[in-house]
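As structure tokens, the structure follows; a few thoughts come after it.
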Number of protein chains: 2
Amino acid sequence: MMTESHVDRLTSQLRRMAAEFRIKPDERIREGEMAKRLSVSRTPLREALNRLVSEGYLTFTGGQGFFCRSLTPERIMDLYEARAAIECEAMRHAVSRASPAAIAQLADDLDRAEPLYERTTDRLALLEMDEAFHMALVRLSGNAELERMLENINGRIRYVRMMGLKMEDGRPGRMGAHRTILGALIARDQDLLLAELRAHIEMRKEDATQAVRDAFSHIYVQAG
Amino acid sequence: MMTESHVDRLTSQLRRMAAEFRIKPDERIREGEMAKRLSVSRTPLREALNRLVSEGYLTFTGGQGFFCRSLTPERIMDLYEARAAIECEAMRHAVSRASPAAIAQLADDLDRAEPLYERTTDRLALLEMDEAFHMALVRLSGNAELERMLENINGRIRYVRMMGLKMEDGRPGRMGAHRTILGALIARDQDLLLAELRAHIEMRKEDATQAVRDAFSHIYVQAG
DNA sequence: GCATTTCATTCTGTATACAGCACTAAATAT
DNA sequence: ATATTTAGTGCTGTATACAGAATGAAATGC
């Protein structure tokens, strides 16, 4: 693959900080302070911050600098809808383009992941498996742009999804839904596939918006 | 609105240069030369270039710098599919959310644009009217993220669309399609709306991929 | 007491300098 | 003649310095 540069790593680091609310929403980012904190100079820091502006994590106002965008419940809804748009479009094409071999591979991965899925108590691990499945699904469409967009969306809602993860009851349903979706894809049944996928995504939307409200209170409790 | 900064303008300028193929596909961007050409220093130039990396116009490789991404026919197809995904999802929600007043406003705009639409021979003006209609459509969904994404996609396929614009026969069909789409929205007929919109977008996909092939030959004829 | 203005401080915005790496081309060896 | 090495050149990557703008606090006027 391509050489990962220093700015790439810095961007990832800041992206994570923003997504985890380690940078407070609506807060002005003071470059000098942040640069010292991350042990880099302001020049590469600003390059990374500029990338995050284009990725939707930050805003930039001339003369004032960079601000962390807040994740309101409305924006979470927007992102979930965008996610549904991307994934459904991908499936619309995957149903005719995905090779049986690629689908079989994904089914295999699902089988191998299942025991871990049932056993683990690590929410992040659970989420990563879920994300990996959906990314693999989109990859079956052969559309690199849809892949890019989903990656962006996932990054932005990752920690909200994690907070919304209900360990008790969510797991069997989720795993079952993944199997149903894959089944519809194998059967090349577009209507069923799209219906199942959309329902699967919509189901989590409400959990997530509730989660972001909880998250907000957490943040402001921490901050005082 | 928010203060537009110097880097914002620089980003727009470079974005346009990339979209118009004034920066050659796969070409390495030499920062010193480009900085001199645009009469800025390398620091703000690199900030703008970093934004364009995140917007999908450029790539960045550590130790080598920035490269213009080439627009292959495959990527054009990908972008058109992504466009269909965004616009259809937007309509799916607009059908229940858009206020009658907002829809009436759009219908009015369409009426007032029609004479100009029939008369003008300026391809760019034509394209801008088309883009404005589709952006307004998506805005009816109330989803800011879908809006953002469509803006990005439009920027990247703008000049390819312009090349693919057929002045002779495309105009009446296009205008008619816009009216049909709006009619379905007014009737709150989701199925019809989505079908019409998707057909309208798909219809231009082939034109555009052909156009990008033409564009490529143009570029390489110029470059020698 | 409240608003307003002024001043000091701090931060942003950009140029520039320099170190180190990557590419090119010439030269040498096989 | 071709492949490989090596020196040279130019570019990227980052730190730093400095100018100008914005913010906040203190002081003054009403």
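This one's a predicted model, so the numbers in the text were calculated from it and none came from an experiment. We name chains A, B, ... by the order of the sequence lines, and we start the count at 1 in each one.
- For the side chain to side chain donor-acceptor pair (under 3.5 Å) test, no residue two or more places apart in sequence or in another chain qualifies with Asp78(B).
- With sequence neighbours left out, Gln105(A) forms a side chain to side chain donor-acceptor pair (under 3.5 Å) with Asp109(A).
- Chain B approaches DNA chain D over the interval dC11(D) to dT14(D), counting the first and last nucleotide 5' to 3' with an atom under 4.0 Å from its heavy atoms.
- At a threshold of 4.0 Å, the pair Arg148(A)-Glu145(A) counts as salt-bridged, since one of the basic side-chain nitrogens sits closer than that to a carboxylate oxygen.
- Glu55(B) pairs by the side chain to side chain donor-acceptor pair (under 3.5 Å) definition with Ser54(A), Arg15(B), not counting sequence neighbours.
- Among residues two or more places apart in sequence or in another chain, the ring-ring contact (aromatic ring centres under 6.0 Å, His included) test is passed with Tyr57(A) by none.
- Applying the salt bridge (Lys or Arg N to Asp or Glu O under 4.0 Å) test to Glu128(B) and every residue at least two apart in sequence or in another chain returns nothing.
- DNA chain D is contacted by Arg42(B), Arg46(B) of residues 41-50 of chain B, taking any non-hydrogen atom closer than 4.0 Å.
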Can you tabulate the close N/O pairs, meaning under 3.5 Å, that link protein atoms to atoms of nucleotides 23-25 of chain C?
from    : atom 1 : to       : atom 2 : distance (Å)
dC23(C) : OP1    : Gln64(B) : NE2    : 3.0

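- The ring-ring contact (aromatic ring centres under 6.0 Å, His included) search around Tyr80(B) returns none, not counting sequence neighbours.
- In terms of the side-chain contact (heavy atoms from CB on, under 4.5 Å) criterion, residue partners of Ala102(A) (sequence neighbours excluded) are, by chain and number, Ser99(A), Leu140(A).
- Annotation: side-chain contact (heavy atoms from CB on, under 4.5 Å) contacts of Ser39(A) (sequence neighbours excluded): none.
- Sequence neighbours left out, the pairs with a member in residues 121-159 of chain B that pass ring-ring contact (aromatic ring centres under 6.0 Å, His included) are Phe133(B)-His178(B), His134(B)-His178(B), His134(B)-His200(B).
- Taking atom CZ of Phe66(A) as the reference point, atom C1' of dG13(C) lies 10 Å away to the nearest angstrom.
- Each of Gly32(B) and Val40(A) was matched to the nucleotide of DNA chain D holding its nearest heavy atom; the match closer to the 5' end belongs to Gly32(B).
- Whole-Å rounding puts the Glu31(B) CD to dC21(C) P distance at 17 Å.
- Residue-level contact check: Ile29(A) touches the backbone only, with heavy atoms under 4.0 Å from sugar-phosphate atoms and none from bases.
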